[in-house]
Amino acid sequence: MSNTLLDIGPLTEDVKIRGAVVTVAALSALDIFRILVRFPEVRSLFNSGETSSWTVDQLLLTVPNAVYAALAICTGTEGDAKAEEVASK
(Lines give C-alpha, C1' and ligand atoms only; values in the text may rest on other atoms or scores of the structure.)
Protein backbone atom coordinates (compact mmCIF):
# COMPACT_ATOMS: atom_id res chain seq x y z
CA MET A 1 0.00 0.00 0.00
CA SER A 2 1.29 3.48 -0.81
CA ASN A 3 1.70 6.22 1.76
CA THR A 4 -0.47 9.31 1.97
CA LEU A 5 0.03 12.74 3.49
CA LEU A 6 -1.46 11.36 6.69
CA ASP A 7 1.52 9.02 6.96
CA ILE A 8 4.16 11.74 6.77
CA GLY A 9 2.68 14.81 8.44
CA PRO A 10 3.16 16.99 10.31
CA LEU A 11 6.74 17.54 9.25
CA THR A 12 8.91 18.97 12.01
CA GLU A 13 12.56 18.79 12.94
CA ASP A 14 14.52 20.02 15.93
CA VAL A 15 17.37 22.23 14.71
CA LYS A 16 20.20 23.71 16.76
CA ILE A 17 20.56 27.42 16.01
CA ARG A 18 23.08 29.56 17.89
CA GLY A 19 23.20 26.97 20.66
CA ALA A 20 19.43 26.70 21.14
CA VAL A 21 17.25 23.86 19.85
CA VAL A 22 14.28 25.14 17.85
CA THR A 23 11.46 23.02 16.44
CA VAL A 24 11.02 23.90 12.79
CA ALA A 25 7.93 22.90 10.84
CA ALA A 26 7.37 22.72 7.12
CA LEU A 27 5.31 25.47 5.50
CA SER A 28 1.76 24.34 4.82
CA ALA A 29 -0.24 25.30 1.75
CA LEU A 30 -2.17 27.73 3.96
CA ASP A 31 1.11 29.27 5.19
CA ILE A 32 2.21 29.84 1.59
CA PHE A 33 -1.17 31.38 0.78
CA ARG A 34 -0.81 33.77 3.73
CA ILE A 35 2.63 34.83 2.51
CA LEU A 36 1.23 35.44 -0.98
CA VAL A 37 -1.55 37.61 0.49
CA ARG A 38 0.76 39.56 2.77
CA PHE A 39 3.54 40.10 0.20
CA PRO A 40 2.24 41.07 -3.26
CA GLU A 41 5.82 41.13 -4.53
CA VAL A 42 5.98 37.36 -3.99
CA ARG A 43 2.81 36.99 -6.07
CA SER A 44 4.46 38.98 -8.83
CA LEU A 45 7.36 36.52 -8.82
CA PHE A 46 4.92 33.69 -9.44
CA ASN A 47 3.25 35.68 -12.19
CA SER A 48 6.61 36.26 -13.92
CA GLY A 49 6.69 32.61 -15.04
CA GLU A 50 10.34 32.21 -14.06
CA THR A 51 9.93 30.25 -10.82
CA SER A 52 12.24 27.43 -11.93
CA SER A 53 15.29 29.71 -11.89
CA TRP A 54 14.88 31.19 -8.39
CA THR A 55 17.71 30.82 -5.92
CA VAL A 56 17.70 31.52 -2.19
CA ASP A 57 20.01 34.47 -2.80
CA GLN A 58 17.60 35.95 -5.34
CA LEU A 59 14.67 35.57 -2.95
CA LEU A 60 16.62 37.23 -0.15
CA LEU A 61 17.45 40.15 -2.44
CA THR A 62 13.97 40.46 -3.95
CA VAL A 63 11.61 39.62 -1.09
CA PRO A 64 13.62 39.46 2.14
CA ASN A 65 10.69 40.28 4.42
CA ALA A 66 8.70 37.38 3.00
CA VAL A 67 11.61 35.04 3.73
CA TYR A 68 11.82 36.32 7.31
CA ALA A 69 8.04 35.89 7.70
CA ALA A 70 8.32 32.31 6.42
CA LEU A 71 11.04 31.57 8.96
CA ALA A 72 8.84 32.96 11.73
CA ILE A 73 5.94 30.79 10.58
CA CYS A 74 8.15 27.69 10.50
CA THR A 75 9.22 28.29 14.10
CA GLY A 76 5.70 28.83 15.44
CA THR A 77 5.83 32.63 15.69
CA GLU A 78 3.69 33.68 12.73
CA GLY A 79 3.14 37.42 12.52
CA ASP A 80 5.54 38.15 15.38
CA ALA A 81 7.50 41.25 14.33
CA LYS A 82 10.30 40.51 16.81
CA ALA A 83 10.67 36.94 15.49
CA GLU A 84 10.83 38.26 11.94
CA GLU A 85 13.49 40.76 12.99
CA VAL A 86 15.54 37.98 14.61
CA ALA A 87 15.16 35.91 11.42
CA SER A 88 16.69 38.79 9.47
CA LYS A 89 19.97 38.61 11.39
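All of these numbers come straight from a predicted model, not from anything done at the bench. Worth knowing before you read on, the calculation uses all heavy atoms, side chains too, and leaves out hydrogens, waters and symmetry mates.
Asp57 meets the side chain to side chain contact (heavy atoms under 4.5 Å, CB included) test with Thr55; sequence neighbours excluded. Shown here are the side chain to side chain contact (heavy atoms under 4.5 Å, CB included) partners of Leu61, two or more places apart in sequence or in another chain: there are none. By the side chain to side chain contact (heavy atoms under 4.5 Å, CB included) test, Leu36 pairs with Ile32, Val42, Arg43, Phe46, sequence neighbours left out. For Ser28, the side-chain hydrogen bond (donor to acceptor under 3.5 Å, both in side chains) partners at least two apart in sequence or on another chain are Asp31. With sequence neighbours left out, the side chain to side chain contact (heavy atoms under 4.5 Å, CB included) criterion links Val24 to Val15, Val22, Cys74, Thr75.
Pairs of residues two or more places apart, or lying in two chains, that qualify as side chain to side chain donor-acceptor pair (under 3.5 Å) and include a residue from residues 11-20 are Asp14-Thr23. For residues 70-84, the set of pairs meeting the salt bridge (Lys or Arg N to Asp or Glu O under 4.0 Å) definition, not counting sequence neighbours, comprises Arg34-Glu78, Arg38-Glu84. Within the structure, the salt bridge (Lys or Arg N to Asp or Glu O under 4.0 Å) test picks out no pair touching residues 60-74 (sequence neighbours left out).
Residues Val86 and Ile73 do not share a hydrophobic cluster, defined by chaining ILVMFWY side chains whose heavy atoms lie under 4.5 Å apart.
The line from CG of Leu60 to CG of Asn65 is 10.5 Å long, rounded to the nearest 0.5 Å.
The heavy-atom pair separating Phe39 from Ala69 by the smallest distance is CE1-CB, 3.7 Å.
Other cluster members for Val37: Leu30, Phe33, joined by side-chain heavy-atom distances under 4.5 Å among Ile, Leu, Val, Met, Phe, Trp and Tyr.
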